[in-house]
Structure formats: C-alpha cells, structure tokens
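What follows is a set of notes on a single structure, which appears directly below.
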Amino acid sequence: MPSTASNKAGQTVVVLGTGGTIAGVAARADDHVGYKAGQLGAQALVAAVPALAERADLVVEAETLAQLDSCDMDHGTWLALLERARAVLARPEVAGLVVTHGTDTLEETAYFLHRALAPHKPLVFTAAMRPATALSADGPQNLLDAVTLASTAGARGVLVAFGGKVFAGADLRKVHGYRVEAFDAGDAGVVGVMADGRLQRYRPWPDEPPHVAAAALPPAAAWPLVDILMSHAGARGEVIDAFVAAGARGIVIAGTGNGSVHRALVEAARRAEAAGVVVRRASRCQLGGVVGSRPDSLPSAGMRTAPQARIELVLDLIAATR
Ligand code: ASP
C-alpha cells in the first residue's frame, strides 16, 4: 500500500497501520462502541496530528499494512508485520518504527515482535480506546507520543506508547475493556512516561535476544496448533480431550489464582502429556502470573499472560523441530 514522505531533511520515522480503534470510525461523535475498527489508513492518522508535520527535524512516512479489528489478528499478519518491520528498521535513515494496532490483541502482537525480532532500534506500538471520530479521541496524542518515542535517542526494543505511559511490549496486558486507561504492566511497572513531549524513563530499555531467528519461522499454516482454555469451578476434562482430538500440540491453561488448575483438567492434561502434547499453566488473574512451581503441578508459564504463554509455547515447539 502507498507510502508518503515529505522532502524535509532529518531522521525518519515510519508509521505502519494495522487497523484497530485508532483507525475506527463511528456515525456519531458520542458513539464509543458502535464504531467500525480499521477504517482509516496510516496516512489519515498521521494527517490528523498537525504537530507531526511541524517537526522540521523529522520525516514521517505512513504505510498501511492491514485494516483489522485486532480481535481478528492472525499469524499470517504477524509474519507480514515482522518482515516489514525488519526491512524498515534496516534502513539507515530510519530512527524507529511506529505500529498502530487495535488494543484487544496488542499484548500478543507486541510480545510476538519482542520474541521474534527484539530490534536494536525502537519499534513502538500505539493504539486507542476511542475511535478517531470520538469527541475525546485518544489516538492522536498516543500517535504523537509514539513517534516522539520512536525518534528518541537511545530508545530500543519493542515498546508501547499509550495513555502517556511507555510499556515494554513483553510486559503489556490489557486490563479493561472500555476505559481509556486500559493497559497495565503488572509487577514490572512502566518503562517511563511521556510528559509534555519528552520521555521520562524509569527503567532500562527492553533487551533480550530473539527467541527464534526470524528466518527460522515457517509459514503461518505450518505453525504448531496451541490453544488456551480457562480453569474454573465445574471445569470438564473432556474439553482438553477435545483440544487434543482437534490437533493441539500445545495447551495453555489459564489457571485460577497463582496458576492452580481444577483437578479434572489436571487429570486430562496428564493424558494429553502422555500423548505428546505440551501443557503449561498461566494465571487467569489480570495482574501477576504464576510464582514458583510445585512438583505435583503442571509446568508453569511464569509471569506471562496466557496469550503470551501461548506465543512462547508456539515458538518453543517451532524451535524443537529445527
Ligand atoms: N476491537 C478493537 C481492536 O482491537 C479495540 C481497540 O482497538 O481498542 O481492534
């Protein structure tokens, strides 16, 4: 899709659109729910922030990669984003990349890019909880903060600029479905805050080698099937049997509390393990994860959210076949 650039001199930040509420449009300005996500392209999002055009030191390019409601995010789009991000960040004049995304699966896409790319330049995700047509649209300020962060000297790794806060992509979790303050970093806390157009940083940049070399990732259709289910009162082991019958090679159980799992699920999980399926337990609690391990329980996913534990397990299974 088209890419635009001004003829200003200076460093470049590329804004890559993938859809979401930040690109969403409603019929009425007071409609925060009945809008359609992923309607505006990246060029329109950039054009809605005049302060970006006013930055004499910055060339902002805009490109639309996808127009998804992020609840429909898929592995093929992740691979396309990974490839595009790698190409953009390899350009010497590019200081950083901004990816606009829906909030619903932002913690998953950010985690995937963190583990598959772990860039030395900043790759900054941003999003919005209100559509672009809302009276109180939060997208434009978030986009301005994201571009500022992507052009901040020394910034690196997968980051998220949202609501004036800067999160490490790996720590992000969506904790509210409607409020503008929708994200948290759990016990890790934020990397910093954007205050009046400047970053105030409180902790080191995310720094971790990629889990799997990007070149080693097979096409999406060949990714091992890994599914998530939740432990709850009255849980049934037959659900796990059904996952296995449907081809799951890995299962993440979002356990109760500190990753405890209903005994009916544990019993079924042991059957799945005996059949070669890898099972891990996370926590269904919004904050925190699974602390410590117990010899009698299923392997722990640690502090990762269940969707992030799912990605880690997919990458582990891919790595195991290399
Ligand atoms: N359903 C939207 C999405 O994730 C929600 C949002 O962006 O806030 O694309």
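Counting convention: from 1, in listed order, for ligands and their atoms alike. Below, each value reflects all heavy atoms present in this structure, side chains not excepted, and no hydrogens, waters or symmetry copies.
- Atoms CG and CG, from L149 and D145 in turn, are 8.5 Å apart once rounded to the nearest 0.5 Å.
- No hydrogens or angles considered: nothing links the side chains of Q43 and T64 as a donor-acceptor pair under 3.5 Å.
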- Could you give me the CA-CA distance, side-chain angles and deciding distance for E267 and R270, then say whether salt bridge (Lys or Arg N to Asp or Glu O under 4.0 Å) is met? CA-CA 5 Å; E267 228 171 76; R270 295 297 185 204; over 6 Å; no
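- Within 4.0 Å of ligand 1, protein heavy atoms belong to G20, T21, Y35, D69, S70, G102, T103, D104, A128, M129, listed by chain and number.
- Distance check, rounded to the nearest 0.5 Å: CG of L82 to OG1 of T109 gives 11.5 Å.
- Residues H114 and E208 have side chains that bring a donor and an acceptor to within less than 3.5 angstrom of each other.
- Grouping Ile, Leu, Val, Met, Phe, Trp and Tyr by side-chain contacts under 4.5 Å, direct or through others, puts Y178 with V33.
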